[in-house]
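Working notes for the structure below.
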Amino acid sequence: MTKTKLLLPLLQLRIAVNFKKRNGSRMLIQDSLKRKLIIQEDFPWRLPVLSNREEAETSETCDEILKYVGGVDLSFSKDDPSVACGTLVVLDIANLNVLYQDSSVVKLHIPYIPGFLAFREAPVLLELLKKMKTSASPFYPQLLMVDGNGILHPRGFGLACHLGVLADLPTIGIGKNLHHVDGLTLAKVRHCLEENSSKDIITLIGDSGRTLGAAMRSKEGSLKPIFVSVGHSISLATAIKIVKMTCRFRIPEPIRQADIRSKECLQKLNHEK
DNA sequence: GCGACAG
DNA sequence: ATCTTGTCGC
């Protein structure tokens, strides 16, 4: 009896120390990957003109035009939270049709810790991208939209940045909830949105003065915004344009489709059991 | 010390 | 992330 009363706190202490150590090394990894991060335009293509897309398709120039937009998301099993399905989709930005889809069911060993989402989710998604690249699919994305933040992150290096750097792809981070960072709070954001009710986008500037992203009412008259931030090799202005082009509903279509299809994948798996 | 904390 | 029904509206 007394033994357990003594050992329990010791075990908890050990666990807490290990937790701190692991996150410390993860912070170092984030800092070192961050040196490769590009926060400006760095891609070979240009945006399509959707109002007259016929013309854009057969443009006289030989410039590359953005067409293949990827989306990634994970869903989790309700029975076993360590079982997840990662999905990669690629849509045609001109009509938002799904051109490619692939899913992978995996067992996760790393827990979700705020600020360290990438260590849990990135491995599966990178594997899906790698598989697509090595299979020489003609639809390999020119840009990736990620379910999670970019530089809107405690150390300026969220999941979207992590994936962008490691996959060497332009990425855009999309948050469905605000990660409270650099003095930003939901109350402040709501206040700003109410003040400028004419605008559907407000820039998120932290206490440090840095521009971290944008809160965007992607659906007409919707109160709940989405949070757009730069992932890799793109500017916030371009990221916002692309998000607008891909929003049929509140969540941009590439991410929404990845979400829907990853859930379907788990459903099927459950059904087979 | 307390609260906050993407998915 | 996940558990959850109906319901109000275009």
Side-chain angles (χ1 to χ4, degrees), chain A residues 16 19-20 22-23 26-27 30 33-34 71-88 103-126 128 144-164 171-190 204 206-207 212-216 218-232 236 239 243 248-252 254-256 258-267 269-270:
Chain A
F19 184 83
K20 229 179 169 177
R22 272 194 296 270
N23 283 346
R26 285 170 188 154
M27 282 170 62
Q30 288 176 328
L33 287 176
K34 191 177 167 181
V72 286
D73 190 25
L74 294 199
S75 291
F76 297 85
S77 162
K78 54 180 179 182
D79 327 306
D80 185 351
S82 70
V83 171
C85 173
T87 297
L88 165 65
S103 293
S104 168
V105 176
V106 292
K107 187 151 179 93
L108 298 179
H109 301 98
I110 297 169
Y112 166 66
I113 300 161
F116 300 100
L117 178 64
F119 295 88
R120 177 168 165 86
E121 299 200 346
V124 202
L125 303 174
L126 287 169
L128 287 166
L144 194 63
M145 300 185 70
V146 179
D147 183 5
N149 293 322
I151 63 171
L152 178 52
H153 177 274
R155 285 166 298 285
F157 199 77
L159 174 61
C161 304
H162 204 110
L163 284 176
T171 55
I172 299 173
I174 305 291
K176 298 188 278 294
N177 295 288
L178 177 66
H179 194 163
H180 291 205
V181 157
D182 198 6
L184 294 175
T185 64
L186 188 55
K188 284 186 191 173
V189 173
R190 274 184 184 155
L204 299 173
D207 286 348
L212 302 175
M216 183 171 162
S218 49
K219 198 189 167 192
E220 190 92 26
S222 124
L223 291 180
K224 187 167 174 141
I226 59 173
F227 301 93
V228 181
S229 59
V230 166
H232 183 52
L236 182 58
V243 169
R248 223 151 38 197
F249 306 105
R250 185 174 87 102
I251 306 298
I255 289 173
R256 189 172 156 264
D259 179 59
I260 290 170
R261 287 155 200 257
S262 66
K263 277 172 182 150
E264 278 176 0
C265 175
L266 283 179
Q267 290 280 329
L269 200 74
N270 233 336

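In what follows, every chain begins at residue 1, and chains take the letters A, B, ... in the order their sequences are listed.
- One finds no salt bridge joining A/Asp73 and A/Arg261 here, because no Lys/Arg side-chain nitrogen approaches an Asp/Glu carboxylate oxygen to under 4.0 Å.
- Rounding to the nearest 0.5 Å places SG of A/Cys85 at 5.0 Å from CG of A/Leu266.
- Atoms CG (A/Asp259) and P (C/dA1) sit 7 Å apart, rounded to a whole Å.
- Taking the side chain as every heavy atom from C-beta outward, A/Pro225 and A/Arg190 never approach each other to under 4.5 Å.
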Original post:
Under a cut-off of 3.5 Å for both distances of each Watson-Crick or G-U pair, what dot-bracket string does DNA chain C give, using [ ] for crossing pairs and | for inter-strand pairs?
Top reply: ..........
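- Between A/Phe157 and A/His162, the ring planes are tilted. Angles from 30° to 60° get that label.
- Remark: of the listed residues A/Thr171, A/Asp147, A/Leu144, A/Leu144 is the sole one forming a side-chain contact (heavy atoms from CB on, under 4.5 Å) with A/Val72.
- Residues A/Val181 and A/His153 form no side-chain contact, since every pair of their non-hydrogen atoms from C-beta on lies 4.5 Å or further apart.
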**OP:** Heavy atoms under 4.0 Å is the rule here; annotate nucleotides 2-7 of chain B 5' to 3' with B where the base is hit, S where only the sugar-phosphate is, and - elsewhere.
**Re:** --SSBB
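- Every residue two or more places apart in sequence or in another chain that forms a side-chain contact (heavy atoms from CB on, under 4.5 Å) with A/Val189 is listed here: A/Leu178, A/Leu193, A/Ile202, A/Leu204, A/Ala215, A/Phe227.
- With a 4.5 Å cut-off on side-chain heavy atoms, A/Ile172 and A/Val243 count as touching.
- Residue contacts shown for A/Ser77 are absent, as no nucleic acid heavy atom lies under 4.0 Å away.
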